[in-house]
Every structure is written in C-alpha cells, then in structure tokens.
Amino acid sequence: MNDHYPFVNTPLPYPYDALEPYIDQKTMKLHHDRHLQTYVDQLNAVLKDYPQLHQWTLHQLLTNIDYLPAEIQIPVRNNAGGVYSHRLYFCGMKKASIRSMNGNLERAMDYAYGGIHKFQEAMKEAGLSVFGSGYAWLVVNRSGQLTIMTTPNQDTPLSVGLCPIMNVDVWEHAYYLKNYNKRAEYIDHWLSVINWEEAEKNYQRCFEEE
Ligand SMILES: [Fe+2]
C-alpha cells in the first residue's frame, strides 16, 4: 500500500453491505467513497507543492505536525487526520460474529475496565460526550495503559504521542442516514461490529513501536 504522497483511497476490506443490519450499505458507500475520498484528495492537494514531504507517511505527518511549514499545519492536521482516522475506523469493523479474543488486549481490558462489557459502556459514554463532530478512541498511553479519550474534528491521538487501537467516528455523516440523530443507537451498532482481531493487532503494534 502506498503510505505516502500521492495517497490513495484504499478499498474497504469488506463489501459495502458487510456490516448490515448494523451499519447500512448506503452510509458505508458515501462515507468511504465520498467523505474519505475528499480527505485523500485534499491531503494530496496540500502536499503537492512540498516535495520534501512526499515520502512522509501519514504516521510521520501526524506525529510531527509542529515541524511542518506553518502554512500547512492546520490543513495537514485536518486532512491527514481525516485519512488516518477513517482508515482505522473502517479497518476496525467487520461482519458481526462471535467475538473471538483471548489475547493480551482482553487481559488489559479486564485490568483497566473490569471486562469487555464495562469497556463497551465506557466507550459508548465517551462517544456520546463528544460535542459536535469527532471521535472516541481506545489508545495506549505513555505508561503502556489503556485509556479512552475523545478528539474533536479530525484530530488524532498520534499528535499527542498516544497509540490508537480503535476509534468510533461520531460525525453525523457516520450514522445520520440510518439512525438520524440517535447517536447512542449508532454506537450500540458499532459495538456489534468491532473487529477484535484487528484491535488485538493494533494493541501489539503499540508496544513494538516503543
Ligand atoms: Fe467520517
């Protein structure tokens, strides 16, 4: 996968209707093909005249925002953030199935939250607490512990040195067609389609990078 300029909109790792009946096909198609595509296009447009950044990965761009030319810091934050956050979100879901997780992440969740169900409640509460548009995230903090946090707009935890494991997009475009203004209903549906294997892999990766 080309993880530097020019960025491309990688296809969903499953069909548009794979998350039905929890997340509908029309929302998935619009969300991936229009909303995410726009962030990809805008990021490429921002970087076009900065060849010194053409080999930088999304991760590098987002962890070094303060070192970028001042005039592109905000558009990179918004658009590289939009690409990164959406990729994590889309890859973090899969067709609803029996949860098969018995690895280190599950043990860490037991320790931090007292079990998966308590974690799910906390994640839902965080998603509901976002005022306006943004995300709720599960991250590994600098001490190696699990933490739930929220970010506004397309800001990512990478920019403050944290390692993301999963996120839920609570922008209205993620759910308005199906759930209208009922964000709680949408988050419940998202909780049903979490890709736990992907979350476990992301969790392991947080410790490999350190
Ligand atoms: Fe989104």
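Ligands are counted one by one from 1 in listed order, and the atoms in each one are counted from 1 as well. These figures come from a predicted structure and were not determined experimentally.
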Does the separation of the ring centres of His173 and His31 fall below 6.0 angstrom?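 Ring centres of His31 and His173 closer than 6.0 Å.
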
So do the side chains of [X] and [Y] get within less than 4.5 Å of each other, counting heavy atoms only?
X      : Y      : result
Asn79  : Thr38  : no
Phe90  : Asp169 : no
Met109 : Lys118 : no

Nearest non-hydrogen partners of Phe207 and Val140, listed with the distance: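 In this case the closest contact between Phe207 and Val140 is CZ-CG1, 4.0 Å.
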
Anything protein N/O/S under 2.8 Å from the Fe ion (ligand 1)? Just list residue and atom, please.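 Metal shell, protein only: His31 NE2, His86 NE2, Asp169 OD2, His173 NE2.
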
Does Gln25 CD have over 12 foreign heavy atoms under 6.0 Å away?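 Count over threshold, so yes.
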
